[in-house]
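Okay, here's the structure, questions in a sec.
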2 protein chains.
Amino acid sequence: MDILKKYRASGGGACAVRNVLDRLGDKWSMLIILVLGKEGTMRFNQLHHGIGDISQKMLTVTLKILEADGLVTRKVYAEIPPKVEYSLTERGHSLLPHLEGLAEWAETHMQGIYTSREKYTAGV
Amino acid sequence: MDILKKYRASGGGACAVRNVLDRLGDKWSMLIILVLGKEGTMRFNQLHHGIGDISQKMLTVTLKILEADGLVTRKVYAEIPPKVEYSLTERGHSLLPHLEGLAEWAETHMQGIYTSREKYTAGV
DNA sequence: CCGGATCCGTGCGGATACTG
DNA sequence: CAGTATCCGCACGGATCCGG
């Protein structure tokens with residue numbers, strides 16, 4: 001019961017691990033990082049179109065958060081029409097393998113998970 | 001732009017990776033798996049007290065989901081008072097290292113992330 | 001002790017319209 | 001092209017009460 005302290009609130013503030021994990025837990029962060037990791041540098045609409053079913057708003061918001069956290073860089077070109085490029089920072093890249101590991105795990109086990117879910121709901 | 005297909009909706013259904021990742025992205029799943037991974041088998045109130053700031057409802061609900069996905073097992077003892085033990089399945093254990101990797105990453109980089117956030121908000 | 005059931009607030013995230 | 005601004009629904013999640 002000692003190791004748990006790492007995952008608990010520490011002195012009025014929230015737990016560090018949970019703060020970070022909660023951020024990644026929002027709907028799009030992981031996905032954007034994964035995509036940027038694969039494709040390297042991308043423009044706004046490339047991401048927008050590439051991901052497909054993300055709204056402009058959420059893409060903007062999420063990118064801002066990731067930028068604030070120092071996970072992606074935002075490069076603006078003073079042109080008409082505007083051009084903005086996003087790419088992963090070094091910190092972002094350091095996170096990438098973990099997310100890819102997770103994605104890989106998901107791919108590997110999703111079939112079993114689906115089967116489990118069906119069995120479970122059938123049991124109810 | 002080909003690799004992206006893995007992360008996109010595939011034929012009317014949702015993307016597999018995203019389905020699974022979204023599940024883990026809810027507020028407590030990762031944490032519960034991490035805790036169960038560290039402590040091994042735990043009773044309901046052990047988890048409840050161990051995590052601290054999770055409500056009974058969310059603990060119950062999340063455990064059910066994890067059970068449905070075949071990530072945790074639920075063992076009920078026919079006693080008075082009742083006793084229920086939770087532990088990770090093999091599938092749950094296979095996920096564990098990835099989450100621990102993530103947690104470790106979070107611990108390592110959180111300080112830098114906090115600094116980045118402050119700089120960012122200060123810039124605004 | 002372990003939950004199920006219910007009520008309810010908050011905020012995430014979508015849709016739309018508008019700007020530089 | 002790359003956002004910003006606004007409105008709003010909905011479901012996530014908390015609090016509370018009840019049941020086996």
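Because the structure is predicted, anything quoted here is derived from the model rather than measured. No hydrogens, no waters, no symmetry mates; every other heavy atom, side chains included, goes into these values. By convention in this document, chain letters (A, B, ...) are assigned in the order of the sequence lines, proteins followed by strands, and residues within each chain are numbered from 1.
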- Item | Euclidean distance, A:R91 CZ relative to A:L95 CG, rounded to 0.5 Å |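 Between A:L95 CG and A:R91 CZ, I get 10.5 Å after rounding to 0.5 Å.
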- Task: Record whether the side chain of A:K27 comes under 3.5 Å of the base of C:dG13 through a donor-acceptor pair of N or O atoms.
- Result: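 No such pair is found, so the answer is no.
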- Query: Expressed in angstrom and rounded to an integer, what is the separation of B:Y77 atom OH from C:dG3 atom P?
  - Reply: 13 Å
- Query: Expressed in angstrom and rounded to an integer, what is the separation of B:L59 atom CG from D:dG13 atom C1'?
  - Reply: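 Rounded to the whole Å, the gap is 13 Å.
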- Query: What are the two closest non-hydrogen atoms of A:R74 and A:Y86, and how far apart are they?
  - Reply: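 Taking A:R74 first and A:Y86 second, the nearest heavy atoms are NH1-OH, 3.2 Å.
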- Message: Need to verify one output field. Residue with the more 5' nearest nucleotide on DNA chain C, A:P82 or A:G25?
- Response: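 The residue mapped nearer the 5' terminus is A:G25.
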- Could you check which of C:dG14, D:dG14, C:dG3 has an atom nearest any side-chain atom of B:W28?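 Nearest listed nucleotide: D:dG14.
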- Message: Between B:K57 and C:dT6, is there a contact of a side-chain N or O with OP1 or OP2 at under 4.0 Å?
- Response: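 No, B:K57 has no side-chain N/O under 4.0 Å of OP1/OP2 on C:dT6.
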- Message: Of the options D:dG14, D:dG3, C:dG3, whose atoms approach the side-chain atoms of B:M58 most closely?
- Response: D:dG14
- Message: Taking any heavy-atom pair under 4.0 Å as a contact, classify A:E79: base, sugar-phosphate, or nothing.
- Response: nothing
- Query: When the distance from CG of B:D22 to P of C:dC12 is rounded to whole Å, what number comes out?
  - Reply: 16 Å
- Task: For A:L47 and D:dC1, give me the distance from atom CG to atom P, rounded to whole Å.
- Result: 14 Å
- Round to the nearest Å and state the distance from B:M42 atom CE to C:dC2 atom C1'.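 Distance, rounded to whole Å: 15 Å.
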- Message: Checking contacts here: which listed nucleotide (C:dC1, D:dG13, D:dA2) is nearest the side-chain heavy atoms of B:D26?
- Response: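 That would be D:dG13.
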- Query: Quick one: is A:R74 getting a side-chain N or O under 4.0 Å of the D:dA2 phosphate, OP1 or OP2?
  - Reply: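 Looking at the OP1 and OP2 atoms of D:dA2, neither is under 4.0 Å from any side-chain N or O of A:R74.
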- Query: Does any non-hydrogen side-chain atom of A:T41 lie less than 4.5 Å from one of A:L36?
  - Reply: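 The answer is no, as the side chains (C-beta and beyond) never meet within the 4.5 Å cut-off.
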- Query: Mind checking whether B:E85 and B:M42 have side chains closer than 4.5 Å, heavy atoms only?
  - Reply: no
- Item | Pairing of A:D22 and B:K27 as salt bridge, 4.0 angstrom limit |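 A salt bridge is absent here (no side-chain N lies under 4.0 Å from a carboxylate O).
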- Query: D:dC1, C:dG4, C:dG3: which one has an atom nearest the side-chain heavy atoms of B:K64?
  - Reply: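 For B:K64, the side-chain atoms sit closest to C:dG4.
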- d(NZ, B:K83; P, C:dG3) in whole Å: 13 Å
- Under 4.0 angstrom, heavy atoms only, what part of the nucleic acid is A:Y86 near: base, sugar-phosphate, or nothing?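 If one applies the 4.0 Å heavy-atom cut-off, A:Y86 turns out to touch the sugar-phosphate alone, with no base involved.
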- Grab the NE2-C1' distance between B:H48 and C:dG4 for me, whole Å please.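 For the pair B:H48 NE2 and C:dG4 C1', the rounded distance is 15 Å.
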- In whole Å, what is the span from the CD atom of A:Q56 to the C1' atom of D:dA5? 12 Å
- Message: It should be established whether B:R43 places a side-chain nitrogen or oxygen under 4.0 Å from OP1 or OP2 of nucleotide C:dC1.
- Response: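 No, because none of the side-chain N or O atoms of B:R43 sits under 4.0 Å from OP1 or OP2 of C:dC1.
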